[in-house]
Amino acid sequence: MLIVGLMSGTSLDGIDASLVDIKHYGEKTKVKVLKSISIPYDTTIKEELLQVMNIETSNVQQICSLNFKISYLFAEAVKEVCNQANISLNQLDLIGSHGQTIYHMPKTKQPFVNSSLQIGDPSVIAYETKTMVISNFRSMDIAAGGEGAPLIPYIDWLLFKSDTKGRILQNIGGIGNCTVLKRSCQKEDIIAFDTGPGNMIIDELCRTLINVPYDQNGIIASHGKVHGQLVEEWMGHPYFKKSPPKSTGREQFGKQYTIELIEKYPSLSVEDFVATATFFTARSIACAYQKFVFPTEKIDDILISGGGANNQTLINMIQSLLPNQVVQTSNEYGITADEKEAVGFAVLANEYIHQQKTNIPKATGARQSVLLGQMTLPPDGDVKQILKRAGLS
């Protein structure tokens, strides 16, 4: 099966697209990444997304429009990754699209209900690419009482489990999330949860204070001083006291949270602010392991992926806090840190076609294992042909 995985995360960097050749399914899955690209959002789209994610500035007309506008960008990403790989669209079997999360409230209070919203309508993507799309991966887990996150632990287990080493797969996008795989890990042994902020606060500080999108390679943080007392104060956030399963997002650690920090500490230099926020991310990750992982599991390796893997200052801080583990990126295992999540959604699409239940109830809090995703066919799509290609007919 030739499948494109699409991912756009909470950091709003842009759209990651990976063209993947996948053979078999479940524990027999074999993955070969043919091409991965990243298409940055332009300033206008990023600003529109930030507006609809903010309760104070969001409106239904803008959400309605963006749901379709961003779909065309996803479709273009599919076309471009296939073009760069010299694969025609009619050779493509499937697309797995996560969409763009604009709001996530997995544990809310009345009058609201637990929910999560990803925009990027699959019908547009299917029509533009003439390819079946599997999307909306979070909803069934939430329907089953889970938080709809994290979604990648099943993929981490398929691709990175080891009989000789205990591993943590730590993704650092806008939010940080980890998958814990003990030695000879079985599916039911997987532990996974969001550790807290990833790049989100760092990026917002850079945008607000000096009008740059992010701290490239951690250069700004490397010139600043970490204010340890502030980090300890920020670690008092209620999220860090919660036990897994748990998930978080921009609603707790986004622009509003960052602006409040800026207003509270007006005398802090940009370099010191970014350095302190970077250490806050590192500290939240290390504390999550020390509280919820290390007491029960022997861990040898920490494999970092996501945009945070490109921030060497952050990686160094994490290693300094975890001297007994080897901290490295997923690049060492054949899937780059930047492409891992997009590859993951290609795999989840393949698992959907093969009717494999891919949520991890122990990680999401769902009452049972469920099939994740929904299928959208293009106008002339033939589901029987897809199933035949997948070896299911």
Side-chain angles (χ1 to χ4, degrees), residues 150 152-153 156-157 160-173 175-185 189-202 215 217-237 239-244 246 271-333 335-337 340:
I152 294 296
D156 290 334
W157 173 68
F160 296 99
K161 64 180 182 292
S162 168
D163 289 333
T164 59
K165 291 186 176 182
R167 287 180 174 151
I168 296 177
L169 282 297
Q170 177 71 47
N171 181 68
I172 308 176
I175 291 296
N177 52 74
C178 70
T179 303
V180 182
L181 306 175
K182 70 179 188 179
R183 295 178 189 180
S184 303
C185 188
D189 299 324
I190 299 171
I191 300 168
F193 57 94
D194 287 356
T195 53
N199 306 314
M200 190 173 286
I201 298 171
I202 303 165
D215 182 12
N217 200 33
I219 295 296
I220 299 169
S222 71
H223 289 98
K225 173 190 173 185
V226 173
H227 292 252
Q229 74 278 12
L230 296 188
V231 174
E232 293 311 308
E233 181 183 320
W234 301 348
M235 286 298 299
H237 191 287
Y239 182 75
F240 303 119
K241 296 180 175 67
K242 291 176 62 179
S243 298
K246 59 178 182 172
E271 292 80 6
D272 284 9
F273 228 140
V274 174
T276 303
T278 303
F279 191 78
F280 178 37
T281 290
R283 181 97 164 81
S284 65
I285 290 169
C287 280
Y289 300 167
Q290 288 154 359
K291 263 178 129 173
F292 304 121
V293 181
F294 292 163
T296 57
E297 308 298 341
K298 170 71 169 66
I299 299 299
D300 303 288
D301 298 336
I302 315 290
L303 306 185
I304 310 286
S305 62
N310 300 313
N311 185 329
Q312 193 57 52
T313 302
L314 176 58
I315 298 298
N316 292 342
M317 288 176 173
I318 295 171
Q319 181 67 85
S320 72
L321 292 168
L322 301 169
N324 298 322
Q325 284 75 36
V326 177
V327 178
Q328 54 192 328
T329 70
S330 64
N331 300 26
E332 310 297 326
Y333 293 85
I335 296 177
T336 71
K340 185 168 85 76

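Quick note: residue numbers are just sequence positions, from 1. Please read these numbers as outputs of a predicted model, since none were measured by experiment.
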- Is there side-chain contact between I190 and C185, with heavy atoms separated by less than 4.5 Å? yes
- Task: Output all residues satisfying side-chain contact (heavy atoms from CB on, under 4.5 Å) with D301, sequence neighbours left out; order by chain, then residue number.
- Result: K165, R167, L303, V326, Q328, Y333
- Query: Hey, are T336 and N331 close enough side-chain-wise for a donor-acceptor pair under 3.5 Å?
  - Reply: no
- Qualifying salt bridge (Lys or Arg N to Asp or Glu O under 4.0 Å) pairs with a residue from residues 278-291, counting only residues at least two apart or across chains: E232-R283
- Query: Looking at residues at least two apart in the chain, or sitting in another chain, which of them share a side chain to side chain donor-acceptor pair (under 3.5 Å) with S184?
  - Reply: D163
- Kindly write out the residues that satisfy salt bridge (Lys or Arg N to Asp or Glu O under 4.0 Å) with K241, not counting sequence neighbours, or none if the list is empty. none
- Query: Residues two or more places apart in sequence or in another chain: which of them pass salt bridge (Lys or Arg N to Asp or Glu O under 4.0 Å) with E233?
  - Reply: K264
- How would you list, by chain and number, every residue that makes a ring pair (Phe, Tyr, Trp, His ring centres under 6.0 Å) with F160, sequence neighbours excluded? none
What donor-acceptor contacts under 3.5 angstrom involve side-chain atoms of residues 222-230, with partners at least two apart or in another chain?
residue : atom : partner : partner atom : Å
S222    : OG   : I219    : O            : 2.6
H223    : ND1  : I219    : O            : 2.9
H227    : NE2  : D272    : OD2          : 3.0

- Message: Enumerate the ring pair (Phe, Tyr, Trp, His ring centres under 6.0 Å) contacts for residues 304-331, please, sequence neighbours excluded, ordered by first and then second residue.
- Response: none
- Message: So, using ring pair (Phe, Tyr, Trp, His ring centres under 6.0 Å) as the criterion, who are the partners of F273 when residues are at least two apart?
- Response: none
- Task: Under the salt bridge (Lys or Arg N to Asp or Glu O under 4.0 Å) rule, collect the residues that match up with K246, sequence neighbours excluded.
- Result: none
- Looking at residues at least two apart in the chain, or sitting in another chain, which of them share a side chain to side chain donor-acceptor pair (under 3.5 Å) with T195? Q170
- Please, which pairs that meet salt bridge (Lys or Arg N to Asp or Glu O under 4.0 Å) have at least one residue in residues 303-312, sequence neighbours excluded? none
